[in-house]
Undergrad: 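Right, I'll just put the structure down here and ask away after.
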Amino acid sequence: MMGEEAVTATPRVGLPSASILPGLRALANALVQPVAALIVSLLLFGLFVAFAGVNPLHVYAYMFQGSFGSWFSVQNSVTRASPLILTALCTALPAQLGLMIIGGEGALVMGGLFAALVGVGMNGASPLLVQCTMALVAMVAGGIWIALAGGLRHWRGVNETISSLLLVYIAIAILNHVVEGPFRDPKSLNKPSSPSIGDANLIGNIPGTEIHWGLVFGLIACVIAYVLINRTAFGFSARVAGGNVRAARMVGLPVGRLVLTVCFLGGAAAGLAGMVEVAAVQERANASLIAGYGYTGILVSFLARHNPLAIVPVAILLGGIGASGGLLQRHLDLPDAATVVLQGILFVVILASETYQGRLRLFPERAGE
Amino acid sequence: MSGAAASGGLELEVTGASKRFGTNQALDDVSIKVRKGSVHALLGENGAGKSTLVKCVMGFYQADSGRVAIDGTEVEIVNPRDAHALGLGMVYQHFTLVPNMTVAENLVLARAHLPAVVDWRKETAELGRFLETMPFKVPLDATVAHLAAGEKQKCEILKQLYLRRRLLILDEPTSVLTPGEADEVLGMLRGLAQSGALTILMITHKFREVLAFTDEVTVLRRGKLAGSGEPRKLGADAMARMMIGSQTIPPPAARSGKSGDIRLEIDGIEALNDVGEPAVKGLTLTVRGGEIVGIAGVSGNGQRQLVEVLAGQRDHTAGQIVVHGDVFGATRTEMRRHHMAALPEEPLRSAAVGKMSVEDNMALRVFDQPPFASWGWWLHRAPVRRAAEKLIDRYRVRTNGPGAAIATLSGGNVQRAVLARELGSDVDVLIAANPCFGLDFAAVADIRGQIMQTRNRGAAVLLVSEDLDEILELADRIVVMSGGKIVYETPASGADLTAIGKHMAGH
């Protein structure tokens with residue numbers, strides 16, 4: 001009945017019917033909590049460095065300088081952000097389904113390993129073909145890795161948080177086994193690595209910058225993820241199943257298929273991050289892939305409230321925090337790990353501030369009944 | 001706070017209470033006086049402000065204005081602890097007992113101050129003495145999970161008395177009880193009040209209970225005081241008019257049309273419950289078009305699992321479901337092809353996504369179809385909103401607009417929104433489970449009317465209900481479910497209530 005009438009209406013790409021002002025207000029309200037959490041974390045971090053005998057104000061100044069104070073540091077921050085954008089999607093996409101996946105690191109490692117295998121194996125073919133195949137294979141490898149956690153959850157009721165975390169260690173073990181044994185480059189002595197994929201197959205930098213193309217991959221992936229979640233029937237189904245699985249089953253949505261697909265897509269994003277690490281930074285698969293990008297991605301996703309578009313600025317922010325570590329070490333004699341402390345504080349504060357979600361507002365919304 | 005030593009019912013007087021949530025004036029200058037030792041009913045439709053009023057009294061909310069006086073003394077109640085200290089206690093619609101603990105443990109647990117080590121022998125002896133002073137008994141060493149609903153409700157009331165509460169506020173205390181249990185509990189409460197030990201304020205929307213068990217009634221409508229008085233002098237009609245104001249209540253929908261071909265065949269279905277025990281044990285049943293088959297039974301006899309299987313929310317372990325002659329596997333395509341609809345109980349838990357908007361919830365069945373999506377893939381928001389606006393209008397769903405999260409609606413309006421989605425287009429097979437549970441009577445009449453109309457349009461309706469009156473009103477054929485099977489079947493006209501009751505009880 002509701003169909004007949006509406007068929008005659010011109011279908012058009014629906015825009016949010018609200019005007020732009022309420023949208024801005026909603027954005028401002030959505031920003032209050034993460035920004036407050038960031039400020040509280042910086043204050044706590046100041047306290048921490050004060051105990052280490054350093055003036056917090058100097059720390060803040062150097063952190064700014066090291067992250068966004070110059071073109072060089074901006075490029076450094078953004079470069080560090082690009083894998084985070086992709087690994088954050090590995091948490092943010094399953095989160096739409098109510099799944100808490102924290103094993104992005106494992107998907108990244110698998111993606112990197114398989115990208116290297118393909119890159120070495122296809123050496124000599126046209127670089128573009130090699131790069132595309134590397135990306136594709138890495139995404140499939142990472143995707144399958146996280147889909148394993150999704151499948152365990154769906155068919156066996158295994159907690160996906162635990163299984164995805166444990167799969168990280170299995171992935172790392174596989175990587176170590178492969179690069180130390182069958183696929184070891186004999187020239188890599190104290191750091192067992194796969195052979196190089198060859199200079200020709202590197203994906204290089206965005207012209208005029210020191211930022212590699214991985215950033216663009218990340219941006220595209222975030223936009224695709226956002227559109228998928230918010231504008232397609234598939235994303236709608238995922239949100240329904242994430243919101244109430246009983247309602248989803250009642251209207252016949254294929255919950256199992258959704259779980260597997262969304263986990264696969266999340267894992268594919270992290271797998272692509274692994275490919276970028278190999279094809280833009282390391283040139284080969286080795287233990288350098290295990291740099292914690294997968295774990296920082298979890299933090300990024302939470303700070304961004306699992307919103308794919310918000311992931312980009314948050315990842316750049318956290319990339320900046322990471323980038324400033326060296327400067328703090330050189331000028332203030334703080335350990336390099338000081339920025340990890342800040343990340344840790346930030347994560348705890350973010351989780352603690354979940355209680356305030358929706359309660360902190362700059363602009364009052366029209367209240368519900 | 002002289003309450004601890006004193007005893008006897010308290011007088012409660014609320015004057016000019018107002019409370020606003022955002023733009024919604026939930027309470028507007030409401031006054032109520034509950035006399036010492038009386039049973040006072042608080043009547044009103046969903047969203048009339050009954051719960052808001054008692055929550056202000058109990059200190060869960062702070063009224064924006066107004067005064068509360070206990071025994072003539074004005075008091076400040078900032079939180080529930082203050083209310084408890086004054087001797088006010090509340091019994092909720094849903095049980096607040098710990099299911100896997102015994103009655104005695106639950107009672108002792110409820111005390112504000114517990115010693116670090118509980119001397120159970122001493123406590124049990126004291127509880128025994130306390131129970132002797134009570135007009136009704138509950139086995140102290142029974143595990144709460146094994147008690148019937150009526151017994152649990154008695155425990156809740158005992159708990160309040162054990163805590164020496166002198167004014168009890170009960171929020172729809174009988175909504176989970178059978179009529180027999182309800183009469184027993186209310187009769188006992190009335191006895192306690194008449195003895196002067198207790199004052200009772202009871203939220204309800206059952207006129208029968210108001211007329212039979214209460215001394216006074218206060219009626220709220222849309223946050224305002226609509227009237228008060230003695231129920232037996234006012235009579236049901238006057239109270240109904242106060243409750244609903246000028247709006248008219250539709251009379252029960254007439255039954256029309258004959259039953260047709262078999263639409264739904266349930267053939268030897270078996271299903272497990274959440275802990276993996278058999279709950280539905282080889283149930284066979286057919287429903288024809290233009291027929292309502294009512295499944296009566298005491299809850300917990302597999303009805304819930306049966307409904308979940310039919311609604312696609314639970315897998316069955318044996319048997320098959322046949323719709324329109326085709327084996328039904330609960331996929332989206334099949335549901336669409338056969339025009340299946342369902343009204344599960346607790347719609348917010350079973351049939352809606354709380355944090356999603358009303359318009360999105362109304363689109364759950366059709367969002368991947370044109371005109372709401374192109375190629376089953378790309379969503380169009382505008383048709384979704386237009387369709388929702390139409391449904392909201394047609395089914396009178398009270399909401400802050402189609403974009404409001406459905407969890408912000410009152411229970412009756414969530415049910416109406418789900419009903420609009422399920423019955424708003426063609427229906428060939430409808431599965432309904434306790435569709436009117438916890439709703440006020442205007443909403444009940446409305447929803448029952450919708451179900452009857454769906455039947456009259458030729459749908460096969462399977463109605464599972466714990467409310468025998470509902471089944472008697474709606475069903476063409478009644479079956480009784482007990483122990484996961486159909487144990488009795490009778491045409492609704494001339495049904496023998498004694499036989500139905502006996503089979504419900506498992507004899």
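Below, read A as the first sequence line, B as the second, and so on, with proteins coming before strands; counting in each chain starts at 1. Every heavy atom of this structure was used, including side-chain atoms; hydrogens, water molecules and symmetry mates were not.
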Undergrad: What part of A:Val227 is in contact with chain B, defined as an atom under 4.5 angstrom from a non-hydrogen atom: side chain, backbone, both or neither?
TA: side chain
Undergrad: Any heavy-atom pair between the side chains of A:Phe236 and B:Met356 that's under 4.5 Å?
TA: yes
Undergrad: Where does B:Ala352 contact chain A at under 4.5 Å (heavy atoms): side chain, backbone, both or neither?
TA: backbone
Undergrad: Specify the closest pair of heavy atoms between A:Asn230 and B:Leu379, including all atoms of both residues, with the distance to one decimal.
TA: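 Minimum heavy-atom separation between A:Asn230 and B:Leu379: O-CD1, 4.5 Å.
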Undergrad: What residues of residues 338-348 of chain B sit under 4.5 Å from chain A when only non-hydrogen atoms are counted?
TA: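 B:Ala342, B:Pro344, B:Leu348 fall under the 4.5 Å cut-off.
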Undergrad: So for B:Asn361, is it side chain, backbone, both, or neither that comes closer than 4.5 Å to the heavy atoms of chain A?
TA: neither
Undergrad: Check each atom of B:Arg349 against the heavy atoms of chain A and say whether the ones under 4.5 Å are side chain, backbone, both or neither.
TA: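 Looking at B:Arg349, backbone and side chain both touch chain A.
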Undergrad: For atom CZ of A:Phe347, is the number of surrounding heavy atoms from other residues, nucleotides or ligands below 6.0 Å larger than 12?
TA: yes
Undergrad: Looking at B:Arg337, I want to see if its CZ is surrounded by more than 12 non-hydrogen atoms of other residues, nucleotides or ligands under 6.0 Å.
TA: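 Buried by this count: over 12 neighbours within 6.0 Å.
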Undergrad: Below 4.5 Å from any heavy atom of chain A, which atoms of B:Glu308 appear? Answer side chain, backbone, both or neither.
TA: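 Side chain of B:Glu308 only, per the 4.5 Å heavy-atom cut-off to chain A.
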Undergrad: I want to check something: taking the side chain as every heavy atom from C-beta on, are B:Asp368 and A:Phe234 in contact at a cut-off of under 4.5 Å?
TA: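 A side-chain contact is absent here, since even the closest heavy-atom pair is not under 4.5 Å.
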Undergrad: In terms of heavy-atom pairs under 4.5 Å with chain A, which of B:Leu364, B:Leu310, B:Val418, B:Thr333 leads?
TA: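 When all of B:Leu364, B:Leu310, B:Val418, B:Thr333 are compared, B:Leu364 has the most.
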Undergrad: List the atom of A:Ala233, the atom of B:Phe367, and the distance in Å for their closest heavy-atom pair.
TA: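 Looks like O-CE1, 3.4 Å.
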Undergrad: Among the options B:Thr331, B:Asp315, B:Val384, pick out the one with the most heavy-atom pairs lying under 4.5 Å from chain A.
TA: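 Heavy-atom pairs under 4.5 Å are most numerous for B:Asp315.
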Undergrad: Counting only non-hydrogen atoms closer than 4.5 Å, does B:Glu422 touch chain A with its backbone (N, CA, C, O), its side chain (CB onward), both, or neither?
TA: side chain
Undergrad: Which residues, numbered in order, of residues 244-253 of chain A come under 4.5 angstrom of chain B by heavy-atom distance?
TA: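 When heavy atoms of chain B are the reference, residues 244-253 of chain A contributes A:Asn244, A:Arg246, A:Ala247, A:Arg249, A:Met250, A:Val251, A:Gly252, A:Leu253 within the under-4.5 Å range.
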